[in-house]
Amino acid sequence: YLYTQLSINSNGYSKDFTSNSEILRNDVVDKVSKFKRKYVDKSYYKKNQGHPFNNKALVERLKPVEKYKQEANNNVEKDLFELGLVQNVEEQKIKDEGYKVHAYNILISNKLDLHRYIPDTRNSLCKNISYETNLPSASIIICFFNEHNTTLLRTVHSILDRTPDNLLNEIILVDDYSDLKNLHEDIESYIKSHKLNKVKLFKTERREGLIRARIFGSQKAKGEVLVFLDSHVEVNRGWMEPLLTRIKDKKSNVVMPVIDIINPDTFAYSSSPLVRGGFNWGLHFKWENLPKGTLSKPEDFVKSIKSPTMAGGLFAINRKYFIDIGEYDAGMNIWGGENLEISFRIWMCGGSLELIPCSRVGHVFRHRRPYGSPDGEDTMLHNSLRVANVWMDDYKEYFYNQNKHAKDVNFGDVTSRIQLRKELKCQDFDWYLKNIYPELILPSDDEERLKKKWSALEHDKYQPWHSRKRNYIDEFQIRLKNSSLCIQSAKDVKTKSSLLVLRPCIKSKNQIWYETDKNELVLAQLLCLQAATPNPILYKCHELGADQEWKHKEGTNSPIYNLGAGTCLGVSKRKVNATLEMKLCTDPNLSTWDFINV
Ligand code: UD2
Ligand code: MN
């Protein structure tokens, strides 16, 4: 759900990958996109098509193996290409089962070292900053429910490896009543046998959900600062010092690292652009561009950046301050909404919420959440109703308008949270909107206002976005070796989800493949080849690599390997109309292919 990595589509507009169709149905968003079509100036992106980032990206992508072989922390990173390869049917089983339970590739997580190299994604100016050594020490709280053990342990080791000992008070692992066989015991015995003295493992007495589990963990903590992390992250070099420095400056500063991206299919670690947190009137969190001018000179890339909301998972807060402002709302269940609640509370009750660009932590962004709530409750709605009724005053009507059936949902008792708001003498929601988030679009905004607000969040031209434009680096037909059969779409080239078949090679549009600098194979410059089981399909290019990322040798007689699937392109029968399949690359009868330039 939180796979909301900001990316840029070929028009140059930002789009998020939020899969929640509710957001798309949302009236306000509709209004905005109509507006975008009408007003946003495309000429800027046209002018910048030859932007140097494009070439750099290209050079990078052409030698991925070198990139991963760099040394750091005395570890040599293994080639993800090799690690992702599914060797046999047993491995395929492990992988498939892992996707069901965890929604990411546990096969590769198991093969990767628990101490692994990740690229240093900080701005180079960060490396020149020297921090005070006398900083407060931190208790790190990690709640988990059915996390895969190697991923959880990699999280722990990344912290132990990359946090100065004097700044790390303890790591508190809260097992939120996981029901995966042996998980708790495995973690317990690992901690013991490896003498990880700073790591403390607890278990809740029932499934609490991440909100109450965090409160539980925070109450065990001894450090001056609390750092909350998800259980599938890897902290990067120098991540802790800038967070603690900012909290030492002022107790009411709540700070967040930049959340880098760990691909759930390949575990590739990549840098995120600097974006801030916002939300829409469905009370869904979203990433958004920084206000225009935020990044206008190089130094701006290392300064803290105010953010209206947080994504929720990764932040640091003074422990006493966390208690003073009311921890979390313990009436919230399982997942969702607590991130907006604490964001509103911090801002409205006198604190400040900031992004720290020099602190980087990678997070496995899954395509779906693999668990629900035990009683099937829509906890996001339940929790959002509590947020709306405690913090949003009359603005809560906008939320109710988005959720017609919300009126009938019981969200429990919120009197103690309303009381808290009074005791803390917090500002009202109107103040928050005017002072902290003036760019938020209100359903009542006229076109004039919309135009103003939208342009306030235009891309900053110094922002190193992932990509502005698709770069084609090659163009070919793909012919089955020792045959005159080529890969083409079973249906029209424009048809999404179309299968691929072998047909006699002719130079028609639906046999011409374009390879991009992101290792995508794009048919007729339209749809991307995507690995799916058992048959690959054509699908909209998503620019997230993995199931759309293919490797092959140039020229002739090469297998075609998919990074996300860990398997290769093949056919069972060498004849016209045979459908393409994903096969084990180790299959002795694996097809190989010739690339014929056109
Ligand atoms: C995002 C946040 C997450 C949380 C959530 C909204 C990031 C990177 N992640 O969702 O921290 O704020 O939005 O609620 O910003 N967990 C439990 N018990 C449960 C369910 C989950 O302990 O009943 C743990 C889980 O193992 C994980 C953490 O809570 O370590 C967050 O859950 P998630 O990773 O499924 O949430 P995510 O990243 O989709
Ligand atoms: Mn997560």
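Order of appearance sets the numbers: ligands from 1, and atoms from 1 within every ligand.
- The N/O atoms of S231, backbone and side chain alike, include one that comes under 3.5 Å of an N/O atom in ligand 1.
- Between R214 and ligand 1, a contact under 3.5 Å exists for at least one N or O pair.
- Inspection of the S352 and W347 side chains reveals no N or O donor paired with an N or O acceptor under 3.5 Å.
- The R369 neighbourhood of ligand 1 comprises atoms 35 (O), with distances under 4.0 Å to a heavy atom of that residue.
- D428 contributes atom CG, which lies 8.0 Å from atom OH of Y395 (distance to the nearest 0.5 angstrom).
- Only the side chain of D176 comes within 4.0 Å of ligand 1, judged by heavy-atom distances.
- Each salt bridge (charged side-chain N to carboxylate O under 4.0 Å, His left out) pair with one or both residues in residues 404-417, not counting sequence neighbours, appears once here: E341-R417.
- A cation-pi contact links R207 to F145, judged by a cut-off of 6.0 Å to the six-membered ring centre and 45° from its axis.
- Between the side chains of D161 and S158, no donor-acceptor pair is found at a separation under 3.5 Å.
- Within the structure, the closest approach of R366 to ligand 1 falls below 4.0 Å when heavy atoms are considered.
- For ligand 1, the polar-atom distance check against F145 finds a nitrogen or oxygen pair separated by under 3.5 Å.
- For the residue pair N383/N333, the side-chain donor-acceptor check at 3.5 Å is not satisfied.
- Cation-pi check for R369 over W335 is met; the charged atom lies under 6.0 angstrom from the ring centroid and within 45 degrees of its normal.
- For ligand 1, the atoms sitting less than 4.0 Å from at least one non-hydrogen atom of H363 are 8 (C), 38 (O), numbered in the order shown with element in parentheses.
- The shortest N or O to N or O distance between C143 and ligand 1 is under 3.5 Å.
- In this structure, Y371 counts as a contact residue of ligand 1, since one of its heavy atoms falls inside 4.0 Å of the ligand.
- With G336, A311, G312 as candidates, the residue nearest to atom 13 (O) of ligand 1 on a non-hydrogen basis is A311.
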Q: Let me see the working for F344 and Y432 under ring pair (Phe, Tyr, Trp, His ring centres under 6.0 Å), right down to the final yes or no.
A: CA-CA 8 Å; F344 297 162; Y432 169 84; 5.1 Å; yes
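- By the 4.0 Å heavy-atom criterion, H232 is counted among the residues contacting ligand 1.
- Residue contacts with ligand 1: G209 is included, with a non-hydrogen atom under 4.0 Å away.
- For the pair E338 and ligand 1, the shortest N or O to N or O distance falls below 3.5 Å.
- Using a 4.0 Å heavy-atom cutoff, E208 is absent from the residues neighbouring ligand 1.
- With a cut-off of 2.8 Å, the protein N/O/S atoms near the Mn ion (ligand 2) add up to 3.
- Judged by a 6.0 Å distance limit and a 45° cone about the ring axis, K203 is positioned over the six-membered ring of Y177.
- Figure legend: cation-pi geometry between K220 and F216, with NZ or CZ positioned under 6.0 Å from the six-membered ring centre and within 45° of its axis.
- Y269 and D260 share a side-chain donor-acceptor pair at under 3.5 Å.
- Note: R386 CZ to H382 NE2 = 5.5 Å, rounded to the nearest 0.5 Å.
- Note: T150 OG1 to N110 CG = 4.0 Å, rounded to the nearest 0.5 Å.
- In this structure, of P370, G313, G362, the residue bringing a heavy atom nearest to atom 7 (C) of ligand 1 is G313.
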